[in-house]
Amino acid sequence: MYLLTKQENSIESGAYATIDNDGTTIVQFFVDKDDAITYNTLLEAIGEDLHVTETKDDNIDKLCDLLGYAYSIAE
(Lines give C-alpha, C1' and ligand atoms only; values in the text may rest on other atoms or scores of the structure.)
Protein backbone atom coordinates (compact mmCIF):
# COMPACT_ATOMS: atom_id res chain seq x y z
CA MET A 1 0.00 0.00 0.00
CA TYR A 2 0.99 3.58 -0.61
CA LEU A 3 0.05 6.86 1.03
CA LEU A 4 1.11 10.48 0.78
CA THR A 5 3.34 11.84 3.53
CA LYS A 6 4.97 15.18 4.36
CA GLN A 7 8.49 13.75 4.25
CA GLU A 8 9.79 11.07 1.91
CA ASN A 9 9.50 7.54 3.35
CA SER A 10 8.33 8.84 6.74
CA ILE A 11 4.86 7.99 8.00
CA GLU A 12 5.83 9.66 11.26
CA SER A 13 6.08 13.04 9.45
CA GLY A 14 2.33 13.05 8.83
CA ALA A 15 0.02 11.54 6.25
CA TYR A 16 -2.24 13.38 3.83
CA ALA A 17 -5.88 13.12 4.89
CA THR A 18 -9.20 14.75 4.13
CA ILE A 19 -12.22 15.51 6.29
CA ASP A 20 -15.67 14.35 5.22
CA ASN A 21 -18.96 16.22 5.75
CA ASP A 22 -19.36 14.66 9.21
CA GLY A 23 -15.92 15.88 10.35
CA THR A 24 -14.29 12.45 10.16
CA THR A 25 -10.60 12.46 9.18
CA ILE A 26 -9.94 10.00 6.35
CA VAL A 27 -6.48 8.87 5.25
CA GLN A 28 -6.21 7.79 1.62
CA PHE A 29 -4.25 4.64 0.76
CA PHE A 30 -3.49 3.37 -2.74
CA VAL A 31 -2.96 -0.21 -3.92
CA ASP A 32 -0.97 0.87 -6.97
CA LYS A 33 1.98 3.23 -6.74
CA ASP A 34 1.03 4.82 -10.07
CA ASP A 35 -2.34 5.87 -8.62
CA ALA A 36 -0.62 7.46 -5.62
CA ILE A 37 1.75 9.32 -7.94
CA THR A 38 -1.16 10.58 -10.06
CA TYR A 39 -3.06 11.82 -6.99
CA ASN A 40 0.10 13.45 -5.66
CA THR A 41 0.59 15.23 -9.00
CA LEU A 42 -2.94 16.67 -8.74
CA LEU A 43 -2.22 17.89 -5.21
CA GLU A 44 1.08 19.44 -6.32
CA ALA A 45 -0.92 21.51 -8.81
CA ILE A 46 -2.73 23.18 -5.90
CA GLY A 47 0.44 23.74 -3.87
CA GLU A 48 0.75 20.61 -1.72
CA ASP A 49 4.29 19.29 -1.21
CA LEU A 50 3.90 15.58 -0.45
CA HIS A 51 5.74 12.33 -1.13
CA VAL A 52 4.56 8.80 -2.03
CA THR A 53 5.47 6.41 0.80
CA GLU A 54 5.03 2.65 0.89
CA THR A 55 3.69 0.89 3.99
CA LYS A 56 2.90 -2.71 4.82
CA ASP A 57 -0.75 -3.63 4.40
CA ASP A 58 -1.08 -4.77 8.02
CA ASN A 59 0.03 -1.35 9.29
CA ILE A 60 -3.06 0.38 7.93
CA ASP A 61 -5.51 -0.83 10.57
CA LYS A 62 -2.98 -0.30 13.36
CA LEU A 63 -2.06 3.21 12.25
CA CYS A 64 -5.59 4.48 11.73
CA ASP A 65 -6.96 2.78 14.83
CA LEU A 66 -4.20 4.28 16.97
CA LEU A 67 -4.90 7.78 15.65
CA GLY A 68 -8.69 7.38 15.58
CA TYR A 69 -8.90 8.01 11.82
CA ALA A 70 -10.94 6.33 9.14
CA TYR A 71 -9.31 5.31 5.87
CA SER A 72 -10.12 4.57 2.28
CA ILE A 73 -8.25 2.34 -0.12
CA ALA A 74 -8.15 3.27 -3.80
CA GLU A 75 -7.96 0.04 -5.73
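Quick note: residue numbers are just sequence positions, from 1. Computed from heavy atoms alone, side chains included, the values below leave out hydrogens, waters and symmetry copies.
- Cluster annotation: Val31 is connected to Ile11 through the hydrophobic network of ILVMFWY side chains, with a link wherever side-chain heavy atoms come within less than 4.5 Å.
- With hydrogens and angles ignored, the 3.5 Å screen pairs no side-chain donor or acceptor of Asn40 with any backbone N or O of Val52.
- Going from atom CG of Leu3 over to atom NE2 of His51 covers 12.0 Å, rounded to the nearest 0.5 Å.
- Chaining together hydrophobic side chains whose heavy atoms lie under 4.5 Å apart leaves Leu42 on its own.
- Proximity of a side-chain donor or acceptor of Asp20 to a complementary backbone N or O of Asp22 within less than 3.5 Å is detected.
- Applying the ring-ring contact (aromatic ring centres under 6.0 Å, His included) test to Tyr39 and every residue at least two apart in sequence or in another chain returns Phe30.
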Sequence neighbours left out, cut at 3.5 Å: what donor-acceptor pairs do the side chains of residues 60-75 make with other protein atoms?
unit_1 : atom_1 : unit_2 : atom_2 : d
Asp61  : OD1    : Tyr71  : OH     : 2.5

Please assess Ile19 against Ile26 for the test side chain to side chain contact (heavy atoms under 4.5 Å, CB included), listing each intermediate value before the final yes or no.
CA-CA 6 Å; Ile19 298 175; Ile26 303 171; over 6 Å; no

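- Between the side chain of Asp32 and the main chain of Asp35, no donor-acceptor pair closer than 3.5 Å is present.
- Applying the side-chain hydrogen bond (donor to acceptor under 3.5 Å, both in side chains) test to Thr41 and every residue at least two apart in sequence or in another chain returns nothing.
- Residue pairs meeting the side-chain hydrogen bond (donor to acceptor under 3.5 Å, both in side chains) criterion with at least one partner in residues 1-10, sequence neighbours excluded, are Thr5-Thr53.
- Residues satisfying the ring-ring contact (aromatic ring centres under 6.0 Å, His included) test with Tyr16, not counting sequence neighbours, are none.
- The distance from the CE atom of Met1 to the CG atom of Asp57 is 4.5 Å, given to the nearest 0.5 Å.
- With a 4.5 Å cut-off on side-chain heavy atoms, Leu4 and Gln28 do not count as touching.
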